[in-house]
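Below is one structure, written out as structure tokens; the observations come after it.
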2 protein chains.
Amino acid sequence: MSGQQDYPKISVNTIKRLGNRGAYDYATIHTILNTCPVLHVSFTDPAHPFPVVLPMLGCTADFSNTTADPSSSPQDIYLHGYVSGRIFNQSKDSGTEPGLPMTVAATHMDGLVLSLAPFHNSCNYRSAVAYGYATLVTDEDERLFAMHRITDNMLPGRWAASRNPPTKAEMQSTSILRVRVESASAKVRVGGPSEDRADLKDGELVGRVWTGVVPVWAQWGEPMPGEQNGCDEVEEYIEKWRNGENQRGRVEAYEAVGKGK
Amino acid sequence: MSGQQDYPKISVNTIKRLGNRGAYDYATIHTILNTCPVLHVSFTDPAHPFPVVLPMLGCTADFSNTTADPSSSPQDIYLHGYVSGRIFNQSKDSGTEPGLPMTVAATHMDGLVLSLAPFHNSCNYRSAVAYGYATLVTDEDERLFAMHRITDNMLPGRWAASRNPPTKAEMQSTSILRVRVESASAKVRVGGPSEDRADLKDGELVGRVWTGVVPVWAQWGEPMPGEQNGCDEVEEYIEKWRNGENQRGRVEAYEAVGKGK
């Protein structure tokens, strides 16, 4: 991990606890954000003490350099979904801030790690958290770019294979947020269980309690046609994506068990 | 949904956008929280403008009434994991608040909904968000209760089947948070795609673009024994749980497609 490829380590993103699980490189962070089907977005609402948390769809991209490789360059995060204008306005009123401070989190669970004692149970996981300033995207070209990216990040090729461009009414009623990422970090746990020494000396316990990892991944099932579907077969790019994702998820979950040795 | 079984609708939790997807009943909210393998926990850190978001393990429970049915009574949320004492202290210093204001979010993705145009694409999902005040649990009995519940919420029966109780050192180095839930809400999207009328009249488009739902669920794979495992076979309760979860996940993802008609 070269320093050129990392988000800066500043106070907000530095992993203090179990620091050996921390990562700051673009590739790790952007991959987690872009492969997680749901992002959890959090920001402060001055109306009450609890942060708002919304599940949203989104992905990383760079409108100023659309061919940039996300594994070697910083990215913005584009989010599709509605956030009350009131909150953006309050942020604007508050002074010089370049947008609404926002935290974007993505977590993959890769396995349940079972030890001889519950205290040592754990999970294999990959999580990324990005901190930045969100603004509503108003430029039409950038909004179109973001919709295209978010659609194809979920299902590659869907944008071109379905009806585009959006109508004017569709463009107007789609809210796109851009988060300029200030800093970010990832945390990754891999490997098998760790045990207490005393437990390992207890032959009865060791012989009785199964220990290891139950891998887990997102499984995409057989597509179910909608009531108004008029296309006889599921298109090939959809099946290719689905089978590829299932394969990738399974392989990553099993590979995580063998890593960290 | 009787009013007796619901969290109160107050400003912080009332679903304003797509309100027909909102739910406030204990059963829906607690089921989502307790079946989601990871909870996203958010709170404010006075040191910077970005909310902290941490992936944590946890479940609902009621230590004052341990046999209470979570589908018909309010619950606390117990979380396993470390949150800097500094943040709790700051919350305490700030005056009369009964703990650290915290938001706990859980989201299940049930399917990708594909329409003729990207604008109408959607997802089937179930998300729950709970708002409450978190404190560190100091009472030994309550900590033990919470560890037991969190372990068995992940894998029923694991607590009794593995080495317990925890040692004194284990008890001391486990942090348990209790969130007293002030309000909560859920949002659920089911069904197939919706379409633009004009698109449906376009025979070429309808014949060319497959529309429907690709269901998705968490798939638990074949358990991988750890290097120090000494138990010849995966215990029956583990396989029963694993197969049951896979079955439940698949059924729920497919059933979601047929609902909402």
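In what follows, chains are A, B, ... by sequence order, proteins preceding strands, each numbered from 1. Side chains included, hydrogens not; waters and symmetry mates left out as well; all remaining heavy atoms used.
- If you measure heavy-atom distances from A:A161 to chain B, the contacts under 4.5 Å come from the backbone alone.
- In this structure, the portions of A:T44 lying under 4.5 Å from any heavy atom of chain B include both its backbone and its side chain.
- Residue B:V53 touches chain A through both its backbone and its side chain, counting heavy-atom pairs closer than 4.5 Å.
- For a residue to count as touching a neighbouring chain, one of its non-hydrogen atoms must lie under 4.5 Å from one of that chain's; by this rule A:V206 touches chain B with backbone and side chain alike.
- With sequence neighbours left out, the side-chain contact (heavy atoms from CB on, under 4.5 Å) criterion links A:P37 to B:M109.
- When heavy atoms are compared at a cutoff of 4.5 Å, A:N164 does not approach chain B at all.
- Listed options A:S42, A:P166, A:A105 were ranked by heavy-atom pairs under 4.5 angstrom with chain B; first place goes to A:S42.
- With a 4.5 Å cut-off on non-hydrogen atoms, A:D202 does not touch chain B at all.
- Side-chain N/O atoms of B:T107 and A:H40 include a donor and acceptor closer than 3.5 Å.
- Within residues 146-154 of chain B, the residues having any heavy atom less than 4.5 Å from a heavy atom of chain A are, in residue-number order, B:T151, B:M154.
- Without hydrogens or angle criteria, A:N229 side chain to B:G212 main chain gives no donor-acceptor distance under 3.5 Å.
- Under the 4.5 Å side-chain criterion, counting only non-hydrogen atoms from C-beta, A:T211 is not in contact with B:C231.
- With respect to chain B, the highest number of heavy-atom pairs below 4.5 Å among A:P51, A:P193, A:G221, A:G230 belongs to A:P51.
- Per-residue heavy-atom pair counts under 4.5 Å with chain A were compared for B:L205, B:T174, B:V214, and the maximum is reached by B:V214.
- Interface remark: B:H80 contributes no atoms to any contact with chain A (heavy atom separation under 4.5 Å).
- B:W241 has its side chain within reach of A:L112: a pair of non-hydrogen atoms, C-beta onward, lies under 4.5 Å apart.
- Chosen from A:T167, A:L200, A:V113, the residue pairing most often with chain B at heavy-atom distances under 4.5 Å is A:L200.
- Among A:G192, A:A117, A:S11, the residue with the largest count of heavy-atom pairs under 4.5 Å with chain B is A:A117.
- Atom CD of B:E204 has more than 12 neighbouring heavy atoms from other residues, nucleotides or ligands inside a 6.0 Å radius.
- Looking only at side-chain heavy atoms (C-beta outward), A:W210 and B:E233 stay at 4.5 Å or farther from each other.
- The candidate from B:E235, B:E195, B:E245 with the greatest count of non-hydrogen atom pairs under 4.5 Å with chain A is B:E235.
- For the pair B:G132 and A:F50, the tightest heavy-atom approach, listed with the atom from each and the gap, is O-CE2, 3.1 Å.
- Note on residues 107-132 of chain B: pairs passing salt bridge (Lys or Arg N to Asp or Glu O under 4.0 Å), not counting sequence neighbours, are B:D110-B:R126, B:R126-B:E252.
- Distance alone, capped at 3.5 Å, places no donor-acceptor pair between the B:Y131 side chain and the A:P49 backbone.
- Heavy-atom pairs under 4.5 Å with chain B were tallied for A:S127, A:S115, A:A253; the largest tally goes to A:S115.
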Anything under 3.5 Å between a donor and an acceptor, one on a side chain of residues 181-188 of chain B, the other on a protein residue two or more places apart or in another chain? List them.
| unit_1 | atom_1 | unit_2 | atom_2 | d |
| --- | --- | --- | --- | --- |
| B:S185 | OG | B:N13 | O | 3.2 |

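- Annotation: maximal heavy-atom pairing with chain B below 4.5 Å, among A:N246, A:D199, A:D232, A:V52, occurs at A:D199.
- In this structure, A:I238 CD1 and B:L114 CG are separated by 5.5 Å, a value rounded to the nearest 0.5 Å.
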Handout entry: Worked check of side-chain contact (heavy atoms from CB on, under 4.5 Å) between A:I10 and B:H48
Key = CA-CA 11 Å; A:I10 60 178; B:H48 55 76; over 6 Å; no
Problem - Working for side-chain contact (heavy atoms from CB on, under 4.5 Å), residues B:H120 and A:E170 - result: CA-CA 9 Å; B:H120 289 284; A:E170 288 173 351; 3.9 Å; yes
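- Between chain A and the options B:G249, B:G203, B:S173, the largest number of non-hydrogen pairs under 4.5 Å is found for B:S173.
- Of the listed residues (B:P118, B:G111, B:G226), the one with the most heavy-atom contacts under 4.5 Å to chain A is B:P118.
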Exercise for the section: Carefully, step by step, assess B:L116 and A:S162 under the rule side-chain contact (heavy atoms from CB on, under 4.5 Å). Expected result: CA-CA 6 Å; B:L116 291 169; A:S162 55; 6.0 Å; no
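- In terms of non-hydrogen atom pairs under 4.5 Å with chain A, the most contact-rich of B:R158, B:Q228, B:R208 is B:R158.
- Between the side chain of A:Y125 and the main chain of B:V38, no donor-acceptor pair closer than 3.5 Å is present.
- Ranked by non-hydrogen atom pairs under 4.5 Å with chain A, the options B:P223, B:A198, B:P55 are led by B:P223.
- Going from atom CE of A:M171 over to atom CZ of B:F119 covers 10.5 Å, rounded to the nearest 0.5 Å.
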